[in-house]
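Hydrogens, waters and symmetry mates play no part in the numbers below; they use all other heavy atoms, side chains included. In what follows, chains carry the letters A, B, and so on, assigned in the order in which the sequence lines appear, proteins first and then strands, with residues in each chain numbered from 1.
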2 protein chains.
Amino acid sequence: MLEEREITIYDIAKYLNISAATVSRGLKNNPMISKATRKKIMDAAQVLGYQSNAFASNLRSRQTHTLGVIVPRLNSYFMSSALAGMENAANRYGYNLIIAQSLEDAEKEKRNAATMFNKRVDGLLISLSSNTQNINHLEPFFKRKIPVIFFDRVYPHNESTSVGINNFEAAYQVTKHLIDQGCKRILHLGGNVLRNVYQERLNGYRKALQDHHLSFSDKLHLTGPLSEQAGTDAARHILELAPNKRPDAVFSANDTAAVYCMLALQAAGLRIPEDIAFAGFNNDPISKVIAPNLTTVEYHGDSIGHTAATYLINHLKGISDLYATNAITLRADLVIRASSLKNKNPE
Amino acid sequence: MLEEREITIYDIAKYLNISAATVSRGLKNNPMISKATRKKIMDAAQVLGYQSNAFASNLRSRQTHTLGVIVPRLNSYFMSSALAGMENAANRYGYNLIIAQSLEDAEKEKRNAATMFNKRVDGLLISLSSNTQNINHLEPFFKRKIPVIFFDRVYPHNESTSVGINNFEAAYQVTKHLIDQGCKRILHLGGNVLRNVYQERLNGYRKALQDHHLSFSDKLHLTGPLSEQAGTDAARHILELAPNKRPDAVFSANDTAAVYCMLALQAAGLRIPEDIAFAGFNNDPISKVIAPNLTTVEYHGDSIGHTAATYLINHLKGISDLYATNAITLRADLVIRASSLKNKNPE
DNA sequence: ATTATTTTCGCAATCGGTTGCGTGTAATAA
DNA sequence: TTATTACACGCAACCGATTGCGAAAATAAT
């Protein structure tokens, strides 16, 4: 079988007896080239089966049309939705995504960032790993003015934009809802407060307690990875408390932990929401499957991803100025379901 | 603020009074260069803050160290797990992933493939969209000997390898299990048979029926997108049947449809598994949350992704020969849970 | 017909590593 | 000491597209 050689603009040039420069311009519909030759070039490219070489192009033009994306993990509902949203936006504008996961490890996140930088991504979209302490590893991007957008798990930085929701407000609403349902001892199952999303949810929870004259107690605040195991562990913790010390509600910072906590408590004979009400965060598919359905915060991963990517691309195209915008906040709505409805008639 | 210029190997060369060629080799730990100079080069690179330019490198070496991945959609549990597995493998060997989704649209899949080709990915990992009829759009890859690996939704092709599970066998086991539980009218909720996974699951189901002297009926075979809605629709269909015509079991080709079918039937008062047993496919997180827990087939997305990517990379490195291997089949195990247990003591 | 203007296109340098081949030097053998 | 060999490194072409600048061709103006 014949080893096929790469077709280049030089082949087209030779084929048409014109220069490569003209071909290059013609291929990009540069008006400097007459319509007639442009058409000839296009046709010849078609005939010869020309495929542009992105490297040569990138090397010279210094644009990759590629966006880097770093996420804590790929296989969570929220993240994969965010990626789907980004991919959609990127695809629409002719951009590609290089995706890497940090697996919640700051070191891996650093390495990922370095690789992205070397691959000369035009911009970076990042959601921080749970134990990332600072963003020194993003300095190369800032120095070279490569735009960085944080999404979901953001970091305050005045040369980049953040896209997310108002976690404080959402958590406040969740907690207020539980209080309105008559709950007085609300346990909060939170994540690592190094990440804004968990810190802000905790703050919203505390503020709601305070505004309703309920005291905050360390005993009612558990912190962990919000995994299935963490949910189960939280249930064990609750069951070990003296019945009169038990919380009458749980507000978990994600649905996974909430659901596994519910399952374990139900297995131990507790009734939800009668004995203990529940609320989660994320509106993960499992929240609609668990019985009773879980009250949660609707949190559109795809919107966040789509918005973040679109914004980044607009900036790259000079349509909008990234540095003028510090943060973009998307809607997040409380979704009330049976797991928290103690009153027959909701407020 | 000073506009920083790019540091190149020429800068390092000048800095050390050696040639760029030596720097290039030294940076890659080429043994042709003495250890001493290699160290000097490394140190200088560090001091000057050198970052390699992947384009220039790729352009010349004709290797991108990038793998293309095309999936039907990013935000499904199985796919995001597969991607996570691939990312892991790729990262380990210094490869990156460019990911695109076809959204179950053959046209978008074509465009994705063309982009990947232009970006000169070293290899392609693809899971076909549900309505892809042929793989003509992959011809450019075959022609240029760029390795292609199909995973999960594969396509017979003798110059590329497939990675997946034995869907026929798994479906056979599921069906047999339901029969062993005493079910006689088993409805199959399937996907588009254009895709091997759904065709094979259907075949396994039919073979099991046949082997156990149960007849196959078109009325007990529904085909659809296996979405939440499809599950709900299937339930409506079942409820509209005369009670004596109703199936006593449902085998769904994925968990999502199974779960939403279950929920709708339960809402209508049917008991599971007493009135109707259920089995799904995928071992999606929701299968462990639904009550009763759903019997399903464990289907390791991450293993499939990891295996496919590792295999591809090994081929690129010349360690293994892709063309010698036609298919790699991974384990898939029946996970029996309460949704199908009609006998107290399982077989 | 001649000059001015606009349009269309080509020349050649450039982006930043990579690599085949050749050469000078030092180490080793004769 | 001289011849041989291995080692370490440099030269320069190359990958393929992009682009500033200048020239030629086509068109308009005088």
Side-chain angles (χ1 to χ4, degrees), chain A residues 3-42 44-45 48-66 94 115 117-122 140 144, chain B residues 3-42 44-45 48-66 94 115 117-120 122 144:
Chain A
E3 188 63 32
E4 304 226 2
R5 216 182 48 74
E6 200 89 17
I7 305 286
T8 73
I9 55 170
Y10 297 100
D11 297 319
I12 299 182
K14 205 168 300 172
Y15 180 77
L16 294 176
N17 270 318
I18 58 180
S19 79
T22 304
V23 175
S24 171
R25 293 191 175 102
L27 251 15
K28 302 172 69 191
N29 269 313
N30 187 323
M32 182 196 277
I33 307 299
S34 75
K35 273 218 156 146
T37 22
R38 252 186 284 172
K39 172 141 177 43
K40 279 201 305 185
I41 292 170
M42 292 297 197
L48 299 180
Y50 168 80
Q51 299 272 358
S52 88
N53 183 322
F55 301 140
S57 167
N58 292 336
L59 174 58
R60 183 60 216 248
S61 66
R62 306 180 154 285
Q63 281 221 25
T64 63
H65 287 275
T66 299
T115 314
F117 187 81
N118 279 358
K119 292 240 169 180
R120 300 294 194 276
V121 294
D122 286 348
R144 194 127 312 125
Chain B
E3 188 65 32
E4 303 226 3
R5 214 183 49 74
E6 200 90 17
I7 303 286
T8 74
I9 54 168
Y10 297 100
D11 296 321
I12 300 182
K14 205 167 299 170
Y15 181 76
L16 295 177
N17 270 316
I18 57 180
S19 79
T22 303
V23 175
S24 172
R25 293 191 175 101
L27 251 15
K28 301 172 70 190
N29 268 313
N30 187 322
M32 181 195 278
I33 306 301
S34 74
K35 276 218 154 151
T37 21
R38 252 186 283 171
K39 173 142 176 43
K40 278 202 305 186
I41 293 170
M42 293 298 196
L48 299 179
Y50 169 78
Q51 299 273 359
S52 88
N53 183 323
F55 300 140
S57 166
N58 293 336
L59 175 58
R60 183 58 217 246
S61 66
R62 307 182 150 286
Q63 281 220 24
T64 63
H65 287 275
T66 299
T115 313
F117 186 81
N118 278 359
K119 292 240 170 180
R120 300 293 194 278
D122 287 348
R144 196 133 302 132

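Using a 4.0 Å heavy-atom cutoff across all strands shown, B:S34 reaches sugar-phosphate atoms only and no base atom. Among the atoms of the strands shown, none is found under 4.0 Å from any heavy atom of A:L27. Within the 4.0 angstrom heavy-atom criterion, base atoms lie near A:S24. Residue B:F55 is classed as having no contact, given no heavy-atom separation below 4.0 Å to the nucleic acid.
Here C:dC9 is the nucleotide among C:dC9, D:dA17, D:dC9 with the atom lying nearest to any side-chain atom of A:T37. Of the candidates C:dG17, C:dA12, D:dA17, the closest approach to any side-chain atom of A:N53 belongs to D:dA17. Here C:dC9 is the nucleotide among C:dG17, C:dC9, D:dC9 with the atom lying nearest to any side-chain atom of A:I33. Across C:dG10, C:dG17, D:dC15, the shortest atom-to-atom separation from the side chain of B:L59 is found for D:dC15. Side-chain atoms of A:R60 lie closest to C:dT14 of the nucleotides D:dC9, C:dC9, C:dT14. Which of C:dG17, D:dA8, D:dC21 sits closest to the side chain of A:M32 comes down to D:dC21.
Between the P atom of C:dT8 and the NZ atom of A:K39 lies a distance of 17 Å, rounded to the nearest Å. The separation between B:N58 atom CG and D:dA17 atom P is 15 Å, rounded to whole Å. The nearest whole Å value for the distance from the NZ atom in A:K14 to the C1' atom in C:dG10 is 16 Å. When rounded to the nearest whole Å, the span between CD1 of A:I12 and C1' of D:dG16 equals 12 Å. Atoms CG (B:N30) and P (D:dG10) sit 13 Å apart, rounded to a whole Å. Between the C1' atom of C:dG16 and the CG atom of B:D11 lies a distance of 10 Å, rounded to the nearest Å. Rounded to whole Å, the distance from CZ on A:R120 to C1' on C:dG16 is 9 Å. Going from atom CD1 of B:I18 over to atom P of C:dT25 covers 17 Å, rounded to whole Å.
Of the side-chain N and O atoms in A:S19, one or more sit less than 4.0 angstrom from OP1 or OP2 of C:dG10. A sub-4.0 Å separation between OP1 or OP2 of D:dT19 and a side-chain N or O of A:K28 is present. Within the 4.0 Å cut-off from OP1 or OP2 of C:dG17, at least one side-chain nitrogen or oxygen of B:Y50 is found.
A donor-acceptor pair under 3.5 Å links the side-chain atoms of A:D11 to the main chain of A:T8, judged by distance alone. For B:R120 (side chain) and B:N118 (main-chain N/O), a donor-acceptor pair under 3.5 Å exists by modelled atom type.
Summary of the strand contacts: B:A21 and B:A56 both lie near DNA chain D, and taking for each the nucleotide with the nearest heavy atom, the more 5' one is attributed to B:A21. Place A:A20 and B:T22 on DNA chain D by their nearest nucleotides, and B:T22 ends up nearer the 5' end.
For the atom pair B:I33 CD1 and B:K40 NZ, the distance stands at 11.0 Å (nearest 0.5 Å). Rounding to the nearest 0.5 Å gives a distance of 12.0 Å between OG1 of A:T22 and CG of A:N17.
When every heavy atom of A:A45 is checked against every heavy atom of A:L27, the shortest pair comes out as CB-CD1, 4.2 Å.
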| task | Evaluate the criterion side chain to side chain donor-acceptor pair (under 3.5 Å) for residue pair B:T64 and B:N58; output intermediate values, then yes/no. | result | CA-CA 5 Å; B:T64 63; B:N58 293 336; 5.7 Å; no
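The base of C:dG10 is paired with the side chain of A:R25 by a donor and an acceptor separated by under 3.5 Å.
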